[in-house]
Asker: 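Quick one: this structure, given as structure tokens, is what I'll be asking you about.
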Amino acid sequence: MGRTQKGEEENEQWGCVCDGRIRIYSFMACEAASSKKLHSQSLRARPKYDLKKTKHLISLDGAKERLHLFKANLLEEGSFDSIVEGCVGVFHTPSPFFLAVTDPQGFLFGILPLFQAELIDPAVKGTLNVLGSCAKTSSVNRVVVTSSMAAAVYSRNPKTPDVVVDETWFTDVDFCREFQLWYVVSKTLAEDAAWKFAKEKAIDIVTINPTVVIGPLLRPTLNTSTGAILNLINGSQTFPNASFGWVHVKDVAEAHVKAFEIPSASGRYCLAERVVHYSELVKILKELYPNLQVPKK
């Protein structure tokens with residue numbers, strides 16, 4: 001993957017991955033940098049020369065030859081035009097992921113609700129801006145969009161142990177607004193907008209819908225999903241009475257690559273290794289690391 005540039009071999013193909021800050025992308029870059037099949041990869045890094053945020057990428061084996069960093073703004077229309085031009089594949093991975101906005105009742109500049117500014121606009125407008133750039137070039141064969149199981153499972157439908165959640169499920173946005181589940185709203189609206197835009201512009205897209213993504217970090221900063229595990233070992237006295245689906249970051253990265261490489265791939269792909277209650281997570285952590293202090297209830 002990568003973008004064909006002047007003076008390069010004609011058979012060398014490029015792809016674009018938008019946003020280098022995200023852990024899923026980091027492992028996709030790891031595969032691309034070392035793969036003989038995935039020749040090159042361009043991506044968005046913010047900012048381009050912030051070594052704290054990009055050092056883990058540029059230090060990958062093969063990155064010097066196959067990885068080019070670009071700066072772009074998800075909320076700026078046309079920001080990705082020149083980056084995706086000539087690319088055969090685009091991976092749209094970024095979306096803000098945090099479970100609480102700065103102030104659920106707050107406003108940006110006294111006008112825009114913070115949940116709209118911090119979560120919904122970056123997710124929806126960012127997705128449409130990237131797809132808009134893809135629609136302007138004939139080189140892009142497919143766009144792989146990182147969605148989430150959050151865009152599938154939240155509704156009033158019962159989820160008893162015998163219920164199977166699959167790619168036909170879609171989250172009820174009104175239900176989520178009622179309970180102020182703004183991250184879930186943002187992912188659901190973004191995926192819905194992606195499918196509608198792709199249909200209108202005849203763009204071949206595939207969505208990857210992972211559950212909570214965990215696994216090793218390549219970047220030096222903590223993310224929300226890893227923070228869920230950290231919270232169990234940082235002195236907390238209790239654990240949440242909740243169950244979530246969990247999936248390894250390397251499996252998610254591989255699924256993105258396969259969704260692009262396999263011609264017959266289409267629609268939505270739900271990713272979950274298994275569903276685990278927090279009590280089981282605590283038990284696993286205790287078995288693996290007996291000296292850790294974990295919640296007992």
Asker: Check the pair S243 / Y278 against side-chain contact (heavy atoms from CB on, under 4.5 Å), numbers first and verdict last.
Answerer: CA-CA 6 Å; S243 298; Y278 267 92; over 6 Å; no
Asker: At their closest point, which heavy atom of L74 faces which heavy atom of N129, and how far apart are they?
Answerer: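 Closest approach of L74 to N129: O-ND2, 2.7 Å.
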Asker: Taking the side chain as C-beta and beyond, is there a heavy-atom pair between F170 and R268 under 4.5 Å?
Answerer: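 F170 vs R268: side chains touch.
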Asker: Any side-chain heavy atom of I229 sitting closer than 4.5 Å to one from L281?
Answerer: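 I229 reaches L281 side chain to side chain.
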Asker: What pairs with N157 under side-chain contact (heavy atoms from CB on, under 4.5 Å), at least two apart in sequence or on another chain?
Answerer: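 Checked N157 against side-chain contact (heavy atoms from CB on, under 4.5 Å); matches are S155, W169.
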Asker: Report, as yes or no, whether the 6.0 Å neighbourhood of atom CG on N234 holds more than 12 heavy atoms from other residues, nucleotides or ligands.
Answerer: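 Count over threshold, so yes.
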Asker: Restricting to non-hydrogen atoms, name the atom on S139 and the atom on T137 that form the minimum distance, rounded to 0.1 Å.
Answerer: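 Minimum heavy-atom contact is OG-OG1, 3.1 Å.
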Asker: Write out all pairs satisfying side-chain hydrogen bond (donor to acceptor under 3.5 Å, both in side chains) with one or both partners inside residues 192-203, taking only residues at least two apart or from two chains.
Answerer: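 Listed by first then second residue: E191-W195, D192-K196.
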Asker: Does K136 have any side chain to side chain donor-acceptor pair (under 3.5 Å) partners at least two apart in sequence or in another chain, and if so, which?
Answerer: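 So K136 forms a side chain to side chain donor-acceptor pair (under 3.5 Å) with D81.
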Asker: Please round to the nearest 0.5 Å and tell me the distance separating atom CG of L75 and atom CG of L128.
Answerer: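 That separation rounds to 11.0 Å.
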Asker: Could you walk me through whether V185 and L119 satisfy the side-chain contact (heavy atoms from CB on, under 4.5 Å) test, starting with their C-alpha distance in whole Å, then the side-chain angles of each, then the deciding distance to 0.1 Å, before giving a yes or no?
Answerer: CA-CA 9 Å; V185 170; L119 284 170; over 6 Å; no
Asker: Starting at OH of Y269, measure out to CG of L271 and round the result to the nearest 0.5 Å.
Answerer: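 Rounded to the nearest 0.5 Å, the OH-CG separation comes to 10.5 Å.
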Asker: Mind checking what makes salt bridge (charged side-chain N to carboxylate O under 4.0 Å, His left out) contact with E273, not counting sequence neighbours?
Answerer: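 Checked E273 against salt bridge (charged side-chain N to carboxylate O under 4.0 Å, His left out); zero matches.
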Asker: Please find the pair of heavy atoms, one from S147 and one from T207, that lie closest to each other, and give the distance.
Answerer: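 Answer, listing the atom of S147 first, then T207: CB-CB, 4.4 Å.
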Asker: Quick one, V144 and V90 - any side-chain contact, counting heavy atoms below 4.5 Å?
Answerer: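 The answer is no, as the side chains (C-beta and beyond) never meet within the 4.5 Å cut-off.
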Asker: Would I284 and F239 show up in the same hydrophobic cluster when neighbours are defined by side-chain heavy atoms closer than 4.5 Å?
Answerer: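 Same cluster.
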Asker: Do C176 and T171 have side chains that approach each other closer than 4.5 Å (heavy atoms only, starting at C-beta)?
Answerer: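 With C-beta onward as the side chain, the pair touches.
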Asker: Write out all pairs satisfying salt bridge (Lys or Arg N to Asp or Glu O under 4.0 Å) with one or both partners inside residues 145-162, taking only residues at least two apart or from two chains.
Answerer: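 For residues 145-162: R156-E178.
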Asker: Applying side-chain contact (heavy atoms from CB on, under 4.5 Å) to M149 and C270, what does each step give before you reach the verdict?
Answerer: CA-CA 7 Å; M149 284 303 291; C270 302; 3.5 Å; yes
Asker: Mark yes when over 12 heavy atoms from residues, nucleotides or ligands other than Q237 sit less than 6.0 Å from its CD; otherwise mark no.
Answerer: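 Counting neighbours around CD of Q237, 12 or fewer heavy atoms of other residues, nucleotides or ligands fall under 6.0 Å, so no.
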Asker: Does the plane of the ring in H256 sit parallel, tilted or perpendicular to the ring in F91? Use 30° and 60° as the thresholds.
Answerer: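 The rings of H256 and F91 sit tilted, inter-plane angle from 30° to 60°.
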Asker: Is a side-chain donor-acceptor pair under 3.5 Å present for H92 with T146?
Answerer: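 The answer is no; no qualifying pair exists.
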Asker: Angle between ring planes, F179 versus F175, binned at 30° and 60°: parallel, tilted or perpendicular?
Answerer: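 Tilted, since the angle between the ring planes falls between 30° and 60°.
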Asker: Establish whether F260 and I262 are linked, either directly or via other cluster members, by ILVMFWY side-chain heavy-atom contacts under 4.5 Å.
Answerer: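 In one cluster with F260: I262, no.
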Asker: List in chain and number order the residues that pass salt bridge (charged side-chain N to carboxylate O under 4.0 Å, His left out) with D204, two or more places apart in sequence or in another chain; answer none if no residue qualifies.
Answerer: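 Salt bridge (charged side-chain N to carboxylate O under 4.0 Å, His left out) list for D204, sorted by chain: R142.
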Asker: Below 4.5 Å, heavy atoms only, C-beta onward: do H277 and N241 meet side chain to side chain?
Answerer: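 Heavy-atom side-chain distance check passes, below 4.5 Å.
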Asker: Between L232 and L285, is a side-chain contact (heavy atoms from CB on, under 4.5 Å) present by the stated rule, with each step listed?
Answerer: CA-CA 9 Å; L232 298 176; L285 287 170; 3.9 Å; yes
Asker: Evaluate the side-chain proximity of F197 to I203: yes if any heavy-atom separation is below 4.5 Å, no if none is.
Answerer: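 Yes. Closest side-chain heavy atoms under 4.5 Å.
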Asker: Taking all non-hydrogen atoms of both residues into account, name the closest pair between G215 and V249 and its distance.
Answerer: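 Result for this residue pair: CA-CG1, 4.1 Å.
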Asker: Test salt bridge (Lys or Arg N to Asp or Glu O under 4.0 Å) on K125 and E76; report intermediate values, then the result.
Answerer: CA-CA 9 Å; K125 290 183 178 180; E76 181 181 321; over 6 Å; no
Asker: So do the side chains of I120 and L189 get within less than 4.5 Å of each other, counting heavy atoms only?
Answerer: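 They are in contact (side-chain heavy atoms under 4.5 Å apart), so the answer is yes.
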